[in-house]
Amino acid sequence: MLHDRLYGLLAPFYDLGVRILSLPFGGERRLRGAVFEALGCVDGWKVLEPFCGTAAITLEADGRGALAVGLDLSCGMLAVAAEKARKRGGKARFVRGDAASMPFASGSFHAVVVSMGLHEVDGAAREAVLREAHRVLVPGGRLVVFDYDRAEGAGRTIQRLFFLLVEGETVHTWLDTDAQGLLAACGFEDFRKKRLAGGALQVITVRRA
């Protein structure tokens, strides 16, 4: 309940914060473009975004012709997302729920995009989210993970300071995770990874086996 109230208070300012924090990495549009480059053409696909927040990925997918669904636990975030969708006149829909126990039937989606969500949860929840992503995907469906990676050189010091200011302890357990091994254990294959922003961010693409 406290978590929901906190995110409810942050929701009206969330998009502005994301735009500001994305500037050192080339801007939000460029980073979002990297996600959709990994996804490919989504026209006609059913696309799910767990941890959707104010739903930048969901709304972009909707604008590209997908049947897009955003999932989040925060009522405040979902309210902002729904208002953005209303103003755009799109067909995206939003569901309140836990990414570790998704309220969708198995094989419901062609693609799942987890954007900046896995570093927010602990190891057990992280695995649960990925197993749920596997369950709700059609066979051969695509999972794209956009999240932090460990920066290199001088960037690592800047990244550590950034984490100290804005992130919790779970970001460090995420960086220590063998992402390829975890995804394979959850039933995914064809692991591909692209590093961005001097290695501080990564886009991972896999398929449901």
Side-chain angles (χ1 to χ4, degrees), residues 18 21-22 24-42 45-53 55-58 60-61 64 66 68-72 99-100 102 104 108-152 155-156 159 162-163 167-168 170-209:
V18 168
L21 293 174
S22 299
F25 305 115
E28 183 186 9
R29 180 170 296 184
R30 179 184 175 189
L31 297 177
R32 194 162 62 241
V35 170
F36 281 91
E37 181 181 340
L39 269 178
C41 179
V42 297
W45 284 14
K46 294 180 180 179
V47 177
L48 172 66
E49 182 190 10
F51 304 104
C52 72
I57 298 294
T58 304
E60 177 92 8
R64 292 174 180 242
V69 178
L71 177 73
D72 204 280
M102 298 185 194
F104 306 111
S108 296
F109 296 94
H110 300 98
V112 174
V113 181
V114 185
S115 176
M116 301 305 287
L118 292 182
H119 77 270
E120 295 280 2
V121 294
D122 64 23
R126 194 174 295 139
E127 181 174 347
V129 170
L130 294 175
R131 291 193 180 278
E132 279 291 272
H134 183 275
R135 182 185 66 79
V136 302
L137 280 168
V138 299
R142 190 169 301 175
L143 169 67
V144 174
V145 175
F146 173 66
D147 216 309
Y148 294 119
D149 202 354
R150 199 181 300 279
E152 299 174 344
R156 184 170 296 188
Q159 187 183 60
F162 177 79
F163 288 164
E167 295 293 351
T170 53
V171 72
H172 301 291
T173 64
W174 163 247
L175 292 180
D176 289 337
T177 298
D178 172 12
Q180 184 170 2
L182 175 59
L183 287 161
C186 292
F188 292 99
E189 61 186 14
D190 195 19
F191 179 92
R192 301 181 185 186
K193 173 176 170 177
K194 180 178 181 180
R195 305 188 78 202
L196 306 170
L201 297 167
Q202 60 182 322
V203 177
I204 295 170
T205 311
V206 288
R207 291 187 302 106
R208 176 184 168 175

Is the side chain of [X] donor-acceptor paired with the backbone N or O of [Y] at a distance under 3.5 Å, no angle test?
{"X": "R208", "Y": "V138", "result": "no"}
{"X": "E49", "Y": "T58", "result": "yes"}
{"X": "R207", "Y": "G140", "result": "no"}

Would you mind reporting whether [Y] and [X] have side-chain heavy atoms less than 4.5 Å apart?
{"X": "L182", "Y": "E127", "answer": "yes"}
{"X": "I57", "Y": "V47", "answer": "no"}
{"X": "V113", "Y": "F146", "answer": "no"}
{"X": "D122", "Y": "T173", "answer": "no"}
{"X": "M102", "Y": "R135", "answer": "yes"}
{"X": "E120", "Y": "V129", "answer": "no"}
{"X": "L143", "Y": "L183", "answer": "yes"}
{"X": "K194", "Y": "T205", "answer": "no"}

Nearest 0.5 Å please: distance from the [atom1] atom of [X] over to the [atom2] atom of [Y].
{"X": "L130", "Y": "L118", "atom1": "CG", "atom2": "CG", "answer": "5.5 Å"}
{"X": "F51", "Y": "M116", "atom1": "CZ", "atom2": "CE", "answer": "12.0 Å"}
{"X": "E167", "Y": "H172", "atom1": "CD", "atom2": "NE2", "answer": "9.0 Å"}
{"X": "L137", "Y": "S108", "atom1": "CG", "atom2": "OG", "answer": "9.5 Å"}
{"X": "Q202", "Y": "L175", "atom1": "CD", "atom2": "CG", "answer": "8.0 Å"}

| request: Go through the structure and list residues passing side-chain contact (heavy atoms from CB on, under 4.5 Å) with E152, not counting sequence neighbours. | output: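 Expected list: R195.
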| field | V35 vs E60, side chain to side chain contact (heavy atoms under 4.5 Å, CB included): CA-CA, chis, key distance, verdict | value | CA-CA 10 Å; V35 170; E60 177 92 8; over 6 Å; no
Which heavy atom of [X] sits nearest a heavy atom of [Y], and at what distance?
{"X": "A100", "Y": "A125", "value": "CB-O, 4.4 Å"}
{"X": "A61", "Y": "V42", "value": "O-CG2, 4.2 Å"}
{"X": "L71", "Y": "A99", "value": "CD2-CA, 4.0 Å"}

| field | Derivation of the side chain to side chain contact (heavy atoms under 4.5 Å, CB included) call for K193 and D149 | value | CA-CA 11 Å; K193 173 176 170 177; D149 202 354; 2.9 Å; yes
| Flag if over 12 foreign heavy atoms under 6.0 Å of CZ, R192 |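 At most 12 heavy atoms, drawn from other residues, nucleotides or ligands, come within 6.0 Å of this atom.
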| request: Could you note down all residue pairs passing ring-ring contact (aromatic ring centres under 6.0 Å, His included) where residues 112-144 supplies at least one of them, sequence neighbours left out? | output: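 Sorted result for residues 112-144: H119-Y148, H134-F188.
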| ring-ring contact (aromatic ring centres under 6.0 Å, His included) partners for F104, two or more places apart |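 Applying ring-ring contact (aromatic ring centres under 6.0 Å, His included) to F104 gives F109.
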